[in-house]
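The structure under discussion appears below in the form of structure tokens.
Bear in mind the structure is a predicted one, so any value in this text is a computation, not a measurement.
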Amino acid sequence: MVTAYEVASAVRDPELPVLTLAELGVLRDVTEEDGRVRVTITPTYSGCPAVAEMGADLRRSLLAAGYGEVEVRTVLAPAWTTDWITADGRRKLAEAGIAPPGRVGPVVLNLVPPTRRVACPRCGSSSTRELSRFGSTACKALWRCSDCAEPFEYLKEL
């Protein structure tokens with residue numbers, strides 16, 4: 001029998017369907033007790049419009065797998081960070097033409113914005129520039145490679 005975690009971890013993100021919620025780091029916990037499944041997710045940001053769809057997709061997948069009662073909880077603390085994206089998730093983003101975010105780790109706070117280097121997911125060149133702070137979703141930016149001239153999306157780090 002497939003476990004509830006295996007079912008939940010296979011659910012795809014509605015805005016980045018090349019990734020599962022587990023690869024994106026949104027899936028935080030799955031527990032089973034007395035036939036009841038409790039799933040905990042942390043959205044990429046508190047106003048993420050895809051949270052309701054994520055919960056509905058998790059419920060639908062778990063009910064289809066035979067689980068009778070499913071509760072999806074959304075927790076905002078600790079806040080999601082792009083550091084939670086798995087290595088497979090980063091690889092899949094690049095394969096889909098979306099530049100994965102760099103690892104942030106602890107952030108030193110100062111008044112000077114950090115210099116961002118984004119490698120082109122198509123040719124690997126670091127000669128790139130930001131065209132727009134926002135892409136097809138609020139969590140992505142639009143960039144262009146100066147070497148291969150291809151535009152690409154970049155998943156912003158948080």
Would you tabulate the side-chain donor-acceptor contacts of residues 55-68 under 3.5 Å, counting partners in other chains and residues two or more places apart, or write 'none'?
unit_1: Asp57; atom_1: OD1; unit_2: Arg60; atom_2: NH2; d: 2.4
unit_1: Arg59; atom_1: NH1; unit_2: Gly55; atom_2: O; d: 3.2
unit_1: Ser61; atom_1: OG; unit_2: Asp57; atom_2: O; d: 3.0
unit_1: Tyr67; atom_1: OH; unit_2: Val2; atom_2: O; d: 2.8
unit_1: Tyr67; atom_1: OH; unit_2: Ala4; atom_2: N; d: 3.0

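- Arg122 places a side-chain N or O within donor-acceptor distance of the main-chain N or O of Pro151, the cut-off being under 3.5 Å.
- Counting only heavy atoms from C-beta outward, the side chains of Pro121 and Leu93 never approach each other to under 4.5 Å.
- Val118 shares a hydrophobic cluster with Trp143, Phe152, Tyr154; the chain of contacts runs through ILVMFWY side chains whose heavy atoms sit under 4.5 Å apart.
- Minimum interatomic distance between Ala94 and Pro100 (heavy atoms only, all atoms of both residues): CB-CD, 4.1 Å.
- Of all the heavy atoms in Gly102 and Thr82, the pair that sits closest is O-OG1, 4.2 Å.
- Put simply, the side chain of Lys156 gets close to the backbone of Ala138: a donor and an acceptor are under 3.5 Å apart.
- Taking both residues in full, the closest heavy atoms of Cys48 and Pro43 are given as CB-CB, 4.1 Å, listed atom of the first, atom of the second, then distance.
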Using residues 69-76 as the side-chain source, report each donor-acceptor pair under 3.5 Å to any protein atom, sequence neighbours left out, with the distance given to one decimal.
unit_1: Glu71; atom_1: OE1; unit_2: Arg36; atom_2: NH2; d: 2.7
unit_1: Glu71; atom_1: OE1; unit_2: Arg38; atom_2: NE; d: 3.1
unit_1: Glu71; atom_1: OE1; unit_2: Arg38; atom_2: NH2; d: 3.2

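- The environment of Glu95 atom CD is dense: over 12 non-hydrogen atoms of other residues, nucleotides or ligands sit within 6.0 angstrom.
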List the steps and the verdict of side chain to side chain contact (heavy atoms under 4.5 Å, CB included) for Cys145 and Cys123. CA-CA 9 Å; Cys145 178; Cys123 72; 3.6 Å; yes
Apply side chain to side chain contact (heavy atoms under 4.5 Å, CB included) to Leu155 and Cys139, showing your working. CA-CA 6 Å; Leu155 187 63; Cys139 59; 3.9 Å; yes
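- For the pair Arg28 and Trp80, the NZ or CZ position fails the cation-pi test of under 6.0 Å to the six-membered ring centre and within 45 degrees of the ring normal.
- Among residue pairs with one or both ends in residues 39-52, none qualify as side-chain hydrogen bond (donor to acceptor under 3.5 Å, both in side chains); sequence neighbours excluded.
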Atom pairs and distances, side-chain donor-acceptor, residues 130-137, under 3.5 Å, sequence neighbours left out:
unit_1: Glu130; atom_1: OE2; unit_2: Arg133; atom_2: NH1; d: 3.4
unit_1: Ser132; atom_1: OG; unit_2: Phe134; atom_2: N; d: 3.2
unit_1: Ser132; atom_1: OG; unit_2: Phe134; atom_2: O; d: 2.9
unit_1: Ser136; atom_1: OG; unit_2: Lys140; atom_2: NZ; d: 3.1
unit_1: Ser136; atom_1: OG; unit_2: Glu153; atom_2: OE2; d: 2.8

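- Between the side chain of Thr81 and the backbone N or O of Trp84 there is no donor-acceptor pair closer than 3.5 Å.
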Pairs under 3.5 angstrom only: tabulate donor-acceptor contacts from the side chains of residues 7-22 to other protein residues two or more places apart or in another chain.
unit_1: Ser9; atom_1: OG; unit_2: Tyr5; atom_2: O; d: 3.0
unit_1: Ser9; atom_1: OG; unit_2: Glu6; atom_2: O; d: 3.2
unit_1: Arg12; atom_1: NH1; unit_2: Pro17; atom_2: O; d: 3.3
unit_1: Arg12; atom_1: NH1; unit_2: Val18; atom_2: O; d: 3.4
unit_1: Asp13; atom_1: OD2; unit_2: Glu15; atom_2: N; d: 2.9
unit_1: Asp13; atom_1: OD2; unit_2: Leu16; atom_2: N; d: 2.6
unit_1: Thr20; atom_1: OG1; unit_2: Ser9; atom_2: O; d: 3.3
unit_1: Thr20; atom_1: OG1; unit_2: Ala22; atom_2: N; d: 3.4
unit_1: Thr20; atom_1: OG1; unit_2: Glu23; atom_2: N; d: 3.0
unit_1: Thr20; atom_1: OG1; unit_2: Glu23; atom_2: OE1; d: 3.4

